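Input: a single structure, listed below in structure tokens.
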Amino acid sequence: EVVPPNRNLMIKKARFISERRAVLGLLGDEILILDLDSGKEIKRIQVGQSSLSDIELDEGRKRVAVSDEGGVAYLVNLEKGKVSKIGSLNKDKTYDLDFKNGRVMVGGRDRRAVVYSIEGRRAVTFRADFFVFAVALNEKGDIGAYMLNERNEVAVVRVEDGARTDVLKGHGYPVSVMVFVGDKLITGCDDGKLYIWRYER
């Protein structure tokens, strides 16, 4: 038991930094680095002032992107404990976030999916007809996907020019999770079903 119940940690999401350390996203908009052998806190970082929505690590496991209910996306340097604002183009609660190849994609209640380029300090906004419960970026960060509408369809887009390349239809329930794996997009619905889609560039 790594985190005893008496610690009263309100954990929203956890990701492994290494075999012996994990980063926890806490509901109080905090990031906690935990030693898995001892259960001790290595570092606790206050990110923002709203409730935390989601976290994702970058490929090097040295930075974590954070989104919260205030619509703000942050970047946290885990080694230095430094927090920097990525952007706040979502004007309401955010639900899901992905972080790939220097890009962060965030979906929210304001019916927007936003892709931020961390290095270039630019952003592309994609509109939806319903709450954006799930988003995903491919490994290169140049293709994105997000929940599009109340018919549970998923839009596939090119990040560079903002073009919509496909709409995936056939989900019976809202899509609550999606992830790119190689040349496939896997989507999961609230009914427990998984769908595997092959996409072409």
Side-chain angles (χ1 to χ4, degrees), residues 12-19 22-23 25 53-67 73 75 86-87 89-90 93-120 122-201:
K12 182 69 185 272
K13 195 170 188 179
R15 288 288 181 260
F16 291 102
I17 302 173
S18 67
E19 290 184 5
V23 58
S53 294
D54 198 12
I55 66 168
E56 283 298 342
L57 285 165
D58 70 351
E59 295 85 349
R61 302 187 180 274
K62 297 183 184 302
R63 301 182 299 176
V64 62
V66 179
S67 62
L75 185 66
I86 297 173
L89 292 178
N90 290 98
K93 176 181 179 178
T94 57
Y95 293 112
D96 195 26
L97 172 149
D98 201 4
F99 188 8
K100 298 283 175 55
N101 196 30
R103 287 182 170 147
V104 174
M105 187 172 194
V106 185
R109 188 161 58 186
D110 60 355
R111 304 179 183 209
R112 297 181 193 184
V114 181
V115 180
Y116 298 97
S117 176
I118 294 174
E119 306 304 331
R122 55 184 295 267
V124 181
T125 299
F126 301 95
R127 301 288 180 178
D129 299 322
F130 193 57
F131 301 155
V132 183
F133 290 124
V135 299
L137 288 167
N138 71 344
E139 186 177 343
K140 291 184 177 180
D142 60 348
I143 301 292
Y146 64 96
M147 186 169 161
L148 181 62
N149 52 39
E150 291 183 82
R151 297 185 299 278
N152 309 314
E153 295 173 348
V154 171
V156 180
V157 294
R158 285 198 306 262
V159 172
E160 290 294 338
D161 59 10
R164 183 183 297 173
T165 60
D166 209 346
V167 175
L168 308 180
K169 303 178 181 181
H171 302 101
Y173 287 81
V175 177
S176 53
V177 64
M178 58 181 75
V179 61
F180 281 96
V181 179
D183 64 348
K184 298 178 181 66
L185 173 65
I186 301 173
T187 55
C189 298
D190 288 350
D191 61 351
K193 291 182 179 178
L194 291 176
Y195 296 76
I196 301 175
W197 311 84
R198 187 184 301 275
Y199 72 97
E200 297 180 359
R201 295 185 173 278

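As a basis for the values below, the full set of heavy atoms in this structure was taken, side chains included, without hydrogen atoms, waters or symmetry mates. Just so it is clear, the structure is predicted and the values come from calculations on it, not from any experiment.
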For [X] and [Y], which heavy atoms make the closest approach, and how far apart are they?
| X | Y | value |
| --- | --- | --- |
| Ser67 | Val106 | CB-CG1, 4.1 Å |
| Ile196 | Lys184 | CG2-CD, 3.6 Å |
| Cys189 | Val175 | SG-CG2, 4.1 Å |
| Lys12 | Ser53 | NZ-O, 3.2 Å |
| Phe126 | Val159 | CZ-CA, 4.4 Å |
| Tyr146 | Ala128 | CE1-CB, 3.9 Å |

Hey, could you give me the CG/NZ distance between Leu57 and Lys13, rounded to the nearest 0.5 Å? 9.5 Å
If you round to the nearest 0.5 Å, how far is NZ of Lys169 from CG of Asn152? 13.0 Å
Any non-hydrogen side-chain atom of [X] less than 4.5 Å from a side-chain atom of [Y]?
| X | Y | value |
| --- | --- | --- |
| Tyr116 | Leu89 | yes |
| Ser18 | Arg61 | no |
| Lys100 | Glu59 | yes |
| Val114 | Val124 | no |
| Asp58 | Val64 | no |
| Val154 | Val167 | no |
| Asn101 | Asp142 | no |
| Phe99 | Leu137 | no |

Run the side chain to side chain contact (heavy atoms under 4.5 Å, CB included) test on Ile118 and Leu75 for me, step by step, so that the C-alpha distance in whole Å, both residues' side-chain angles and the decisive distance to 0.1 Å come before the verdict. CA-CA 9 Å; Ile118 294 174; Leu75 185 66; 4.0 Å; yes
SB check Glu160 Arg158 (cutoff 4.0 Å): no
Hey, could you give me each pair passing salt bridge (Lys or Arg N to Asp or Glu O under 4.0 Å) that has a residue in residues 189-199? Not counting sequence neighbours. Asp183-Arg198
For Leu185 and Met178, what are the C-alpha separation, side-chain angles and deciding distance, and is it a side chain to side chain contact (heavy atoms under 4.5 Å, CB included)? CA-CA 7 Å; Leu185 173 65; Met178 58 181 75; 4.2 Å; yes
For the residue pair Tyr195 and His171, categorise the inter-ring angle as parallel (less than 30°), tilted (30 to 60°) or perpendicular (more than 60°). perpendicular
Who are the side chain to side chain donor-acceptor pair (under 3.5 Å) partners of Arg15, not counting sequence neighbours? Glu56
If the condition is side chain to side chain donor-acceptor pair (under 3.5 Å), which residues does Arg164 pass it with, not counting sequence neighbours? none
Please name all residues satisfying ring pair (Phe, Tyr, Trp, His ring centres under 6.0 Å) with Phe130, sequence neighbours left out, ordered by chain then number. Phe133
With sequence neighbours left out, the residues meeting salt bridge (Lys or Arg N to Asp or Glu O under 4.0 Å) with Arg111 are none
Ignoring hydrogens and geometry, is there a side-chain-to-backbone donor-acceptor pair from Asn149 to Glu153 under 3.5 Å? yes
Sorted by chain and residue number, the side-chain contact (heavy atoms from CB on, under 4.5 Å) partners of Asp96 (sequence neighbours excluded) come out as Asp54, Ala134, Val135
What's the verdict on salt bridge (Lys or Arg N to Asp or Glu O under 4.0 Å) for Glu119 and Arg103, showing C-alpha distance, side-chain angles and the deciding distance? CA-CA 8 Å; Glu119 306 304 331; Arg103 287 182 170 147; over 6 Å; no
I would like to know whether Phe180 and Glu139 meet side chain to side chain contact (heavy atoms under 4.5 Å, CB included); could you show each step before the answer? CA-CA 7 Å; Phe180 281 96; Glu139 186 177 343; over 6 Å; no
